[in-house]
Amino acid sequence: MEKRTLLLASLGMLLLAGCKNSQEERESNNFRHKGDTVIVSNQALNEQLKITETQVLPYSKEVVTAGTVQAIPTQFAYVAPPFSGRVMKSCVRLGQQVKEGTPLFEISSPDFTAAQKDFFQARLARELAQKDYRRKQDLIANGVSSQKELEEAENALLIADKEYENAVAALCVYQVNNPENMTLGQPLVVRAPIAGNVMENNIVTGQYIKDDSEPIAVVADLPRVWITAQVKEKDIRFIKEGNKLDIEISAFPGERIQGTVFHVEEAVDESTRSIRVLSVCDNRNEKLKLGMYTTMHFLSEPTDMVHIPEKALLQGEKDSYVYVQTDTNTYVCRPVAIEMSRDGLAVITDCLAAGDKVISEGGYYLK
């Protein structure tokens, strides 16, 4: 029994040795290794290897992060009642397009009524002072009045003029541009401070509102918007003001909108180790809505970098590598540093130069 076992073991070892010799013979008939160099001796195998020359093309580093759509502050206005009063009339509807100065609502305000009274009293006092001054001029021309009385009338007119100017200035706070056309007791008209759309309308006729109440209307002009993104500290070097970027919106899959970096903040958020970046984006088609989440694709300024076909890359135990042709039928295994792969091309940051010839297809035969 023991002899039979020994015999079977010996036969197995002979078979393994035969297989090994057969493998070595196959390799020697096709190619041989000298360290990292491979010399192909089989012409049929060599014809299966496709050789491609590296290309130097402009490349922009892409930084991808999330963003949020916001209104540009100068194109967004909260409209609150300037003074206490009761809403007498609503002049707009939600979503309405308004121009700067368009009436939004009217309120009956005691403060405004008091300012009206002051104006009419000042106007009446000025008219009386003007009449008295003209009368004194006529009297002194006829030798009836004295110079002192004329001077007193002139001073009274100057004071009346100043009181009138102050009353007109007080009405400017209430956005009254033509006080001479005003009637006593008319309501205060609150107007749109900017042109845009009425985004919020909480105007309720008959409601009494105080001067410290929350805004009851919002007007926003959104042909352009800001998109706020948080960029990691390590990637901020790739982003500069004026750089272009692509913006993806989940509501419109497969579509990208163009934007421009408007401002990169100077401070780092210590809790997230990120920096806020503001980008401005055209929104005349009104696709971007305030508060929307977006995916931002920031693109750095293009630099020339080596590109090779993605199929040329082979995966080793630790790194990716390619076979570089150094002579006829001779190839060197060379590790490479990959920046990224896209559209069938790989961007190489190290170990390859312009004009190097690499095996773009069939390199796995040489493993």
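Residues take their numbers from the sequence shown, with the count starting at 1.
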Presence of salt bridge, Lys232 and Asp235, under 4.0 angstrom
no
When you look at OH of Tyr293, are more than 12 heavy atoms from neighbouring residues, nucleotides or ligands closer to it than 6.0 Å?
no
Measure from the side-chain N and O atoms of His263 to the backbone N and O of Val261, and report whether any donor-acceptor pair falls under 3.5 Å.
no
Asp221 to Ile194 - nearest heavy-atom pair and separation:
N-CD1, 4.4 Å
Counting heavy atoms not belonging to Glu266, are there more than 12 under 6.0 Å from its CD?
no
Less than 4.0 Å between a side-chain N and a carboxylate O, is that true for Asp212 and Lys210?
no
Assess whether atom OH of Tyr174 is packed by more than 12 heavy atoms of other residues, nucleotides or ligands within 6.0 Å.
yes
Could you state whether Leu290 and Ile247 fall into the same hydrophobic cluster, counting links through intermediate Ile, Leu, Val, Met, Phe, Trp or Tyr residues with side-chain heavy atoms under 4.5 angstrom apart?
yes
Can you check whether Thr295's main-chain N or O pairs, donor with acceptor, with Glu248's side chain at less than 3.5 Å?
no
Evaluate the ring planes of Phe262 and Trp226, with Trp represented by its six-membered ring, and classify them as parallel (under 30°), tilted (30 to 60°) or perpendicular (over 60°).
tilted
Is any NZ, NE, NH1 or NH2 atom of the basic residue among Glu53 and Lys357 found under 4.0 Å from an Asp or Glu carboxylate oxygen of the other?
no
Minimal heavy-atom distance between Ile107 and Ile209, with the atoms involved, is CG2-CD1, 4.2 Å
Atom CE of Met305 and atom CE of Met340: how far apart are they, to the nearest 0.5 Å?
10.5 Å
Answer yes when Lys162 and Glu165 have at least one side-chain N-carboxylate O distance shorter than 4.0 Å, and no when they do not.
yes
Report yes or no: does Thr205 contribute a side-chain atom to a donor-acceptor pair with the main-chain N or O of Lys89 at less than 3.5 Å?
no
Establish, for the pair Arg126 and Tyr164, whether the NZ or CZ atom is under 6.0 angstrom from the six-membered ring centre and no further than 45 degrees off its axis.
yes
Lys/Arg-Asp/Glu bridge criterion (N-O < 4.0 Å) met for Lys61, Glu339:
yes
On the ring face of Phe252, is Lys287 found with NZ or CZ under 6.0 Å from the centre and within 45° of the axis?
yes
Is the number of heavy atoms from other residues, nucleotides or ligands under 6.0 Å of Glu286 CD greater than 12?
no
Keeping the roles fixed (side chain from Asn283, backbone from Leu222), state whether a donor-acceptor pair exists under 3.5 Å.
yes
Could you tell me the separation between the CG atom of Leu171 and the CG atom of Asn166, rounded to the nearest 0.5 Å?
11.0 Å
Is there a donor-acceptor contact under 3.5 Å from the side chain of Arg334 to the main chain of Cys351?
yes
Should the pair Lys136-Glu152 be classified as a salt bridge under the 4.0 Å nitrogen-to-oxygen rule?
no
